[in-house]
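Accompanying notes for the structure given below.
Below, chain A is the first sequence line, B the second, and so on; all start at residue 1. These numbers come from a predicted model, not from an experiment.
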Amino acid sequence: MPELPEVETVLRSIASRVTGRLIRDARYLSPLAADGEPERMAAALAGRRILEPRRKGKYLIFRLDAGWMWIHLRMTGRLLIDAPRTPWTRAILEFDDGHALVFDDPRQFGRLVWSSAPPDDAGRLGPDALDLDSVEFAARLRGRRGRVKPLLLNQRIVSGLGNIYVDEALHRARIHPLASAARLGPARLARLHQAVAEVLAEAIAAGGSSISDYVDADGRRGWFQFEHRVYGREGQPCPACGSAIRRIVLAQRGTHYCPRCQRI
DNA sequence: ATCTATTCCTGGCTGC
DNA sequence: TGCAGCCAGGAATAGA
């Protein structure tokens with residue numbers, strides 16, 4: 001599942017190859033990837049030049065010479081440079097330098113679209129998790145009476161965290177996923193911010209987590225999955241205390257935590 | 001404000 | 001071996 005570290009890794013692997021490129025042709029092999037409007041999207045993208053690619057949360061955002069292109073990989077999306085077509089190829093962008101950006105996505109939750117405004121325009125997307133200092137981070141959780149895990153998954157509050165890194169950050173901060181955000185004192189909020197920043201930085205350094213599908217634009221897998229302390233480790237020992245990792249369902253998500261280290 | 005449930009989607013897994 | 005049924009979950013949305 002591409003979350004912030006995986007999207008950042010993809011951005012780094014494509015940035016130098018797309019910056020300044022003219023999109024000579026945009027082709028959709030599935031209307032879903034274009035949000036149901038493949039003709040309109042293809043027409044809007046063809047002939048545009050990519051001025052600057054960036055990332056916010058889990059979005060890849062490309063400033064064009066007219067409007068914007070944004071890509072969300074959701075669950076199983078992949079961006080690949082010059083990859084051969086597969087049954088799961090949903091869109092292909094051909095550049096003026098002869099190279100191509102290929103968007104594969106078996107489950108078709110992902111999107112590659114043109115838009116007149118960037119996706120973070122209408123306040124729908126909170127600040128990127130790596131752009132927040134501990135004061136801002138605490139301010140965005142303060143007064144929230146919801147449980148901490150669903151709040152961290154809410155992209156309007158902080159963007160970029162998904163199921164894996166929320167579980168990992170909460171374990172590092174020794175906070176139970178069911179804990180109420182309103183009851184987190186300054187010390188635990190500071191610890192949580194530190195844990196979020198650390199786990200994201202370490203995961204980026206490891207090229208992300210490759211659970212099933214994820215690879216970067218050159219097809220390379222990440223290795224942070226080997227560093228996971230709780231995610232996907234139900235019944236296995238906690239690296240900190242040896243207790244068996246527990247799995248519950250919270251907000252319709254598999255949620256992994258150590259019952260001994262993580263207190264409400 | 002906050003919660004739960006539903007929808008989208010299909011490869012891969014489980015169990016018979 | 002074959003197949004039905006279920007699971008994974010990010011984000012939008014509806015309804016409580």
Side-chain angles (χ1 to χ4, degrees), chain A residues 1-8 10 28-38 55-61 70-79 86-91 103-113 115 117-129 139-170 177-184 200 203 208-215 221 225 228 230-235 245 247-257 264:
Chain A
M1 292 82 69
E3 302 179 25
L4 187 155
E6 290 75 30
V7 179
E8 177 66 24
V10 169
Y28 285 97
L29 293 92
S30 158
L32 281 174
D35 236 356
E37 300 184 280
R55 178 194 62 74
K56 183 167 178 183
K58 304 171 200 172
Y59 286 84
L60 287 166
I61 301 168
W70 60 258
I71 300 173
H72 199 305
L73 301 172
R74 291 283 188 101
M75 305 296 298
T76 54
R78 289 180 171 192
L79 277 182
T86 71
W88 305 283
T89 300
R90 309 304 184 191
F103 177 50
D104 276 28
D105 186 20
R107 280 157 70 176
Q108 305 203 74
F109 281 155
R111 297 290 183 264
L112 184 160
V113 299
S115 171
D120 54 339
D121 213 31
R124 303 176 71 82
L125 199 58
D128 187 80
R140 298 191 73 82
L141 288 176
R142 188 169 302 128
R144 298 279 184 166
R145 281 181 306 192
R147 291 171 295 190
V148 66
K149 171 157 178 175
L151 288 170
L152 290 175
L153 287 173
N154 184 341
Q155 304 297 300
R156 303 181 76 126
I157 294 175
V158 176
S159 64
L161 294 172
N163 207 36
I164 296 173
Y165 295 105
V166 166
D167 282 5
E168 292 298 317
L170 286 171
L178 287 169
S180 158
R183 298 167 91 89
L184 297 178
L200 293 177
S209 300
S210 290
I211 304 281
S212 54
D213 305 80
Y214 168 74
V215 291
R221 293 170 61 82
Q225 64 276 15
H228 291 176
V230 287
Y231 184 85
R233 297 190 65 249
E234 182 185 14
I245 298 301
R247 182 182 187 276
I248 58 172
V249 175
L250 169 56
Q252 285 77 47
R253 302 288 151 73
T255 296
H256 314 75
Y257 69 100
I264 298 254

* To do: Give the rounded distance in Å between these two atoms: OH of A:Y59 and C1' of C:dA11.
  => 7 Å

* Any side-chain heavy atom of A:F109 within less than 4.5 Å of one from A:L32? -> no

* Just to confirm, is there a sub-4.0 Å distance from OP1 or OP2 of B:dT10 to any side-chain nitrogen or oxygen of A:Q108? -> yes

* Structure fact -> Heavy-atom nearest pair, A:I157 first then A:P127, reads O-CD, 3.8 Å

* Asked: May A:F109 be described as stacking on the base of C:dG9, applying a 5.5 Å centroid limit and a 30° limit on plane angle?
  -> no

* Mind grabbing the angle between the end helix axes of the helix from B:dT2-C:dA16 to B:dC16-C:dG2? Five pairs an end, 10° rounding. => 50°

* To do: Please report the closest heavy-atom contact between A:R253 and A:N163, naming both atoms and the distance.
  => CB-OD1, 3.5 Å

* Asked: Should A:W88 be listed as having a side-chain N or O under 4.0 Å from OP1 or OP2 of B:dG11?
  -> yes

Protein-nucleotides 1-4 of chain B N/O pairs under 3.5 Å:
residue : atom : partner : partner atom : Å
B:dT2   : OP1  : A:R145  : N            : 2.4
B:dT2   : OP2  : A:R144  : NH1          : 3.3
B:dC3   : OP1  : A:R147  : N            : 3.3
B:dT4   : OP1  : A:R147  : NH2          : 3.1
B:dT4   : OP2  : A:R147  : NH2          : 3.1

* **Nearest non-hydrogen partners of A:D35 and A:R111, listed with the distance** => OD1-NE, 3.0 Å

* Asked: Under 4.0 Å between a side-chain N/O of A:H72 and OP1 or OP2 of C:dA11, yes or no?
  -> yes

For nucleotides 4-8 of chain C, list the nitrogen or oxygen atoms of the protein found under 3.5 Å from its nitrogen or oxygen atoms, one pair per line.
residue : atom : partner : partner atom : Å
C:dA8   : OP1  : A:R247  : NH2          : 2.6
C:dA8   : N3   : A:R107  : NH1          : 3.2
C:dA8   : N3   : A:R107  : NH2          : 3.0

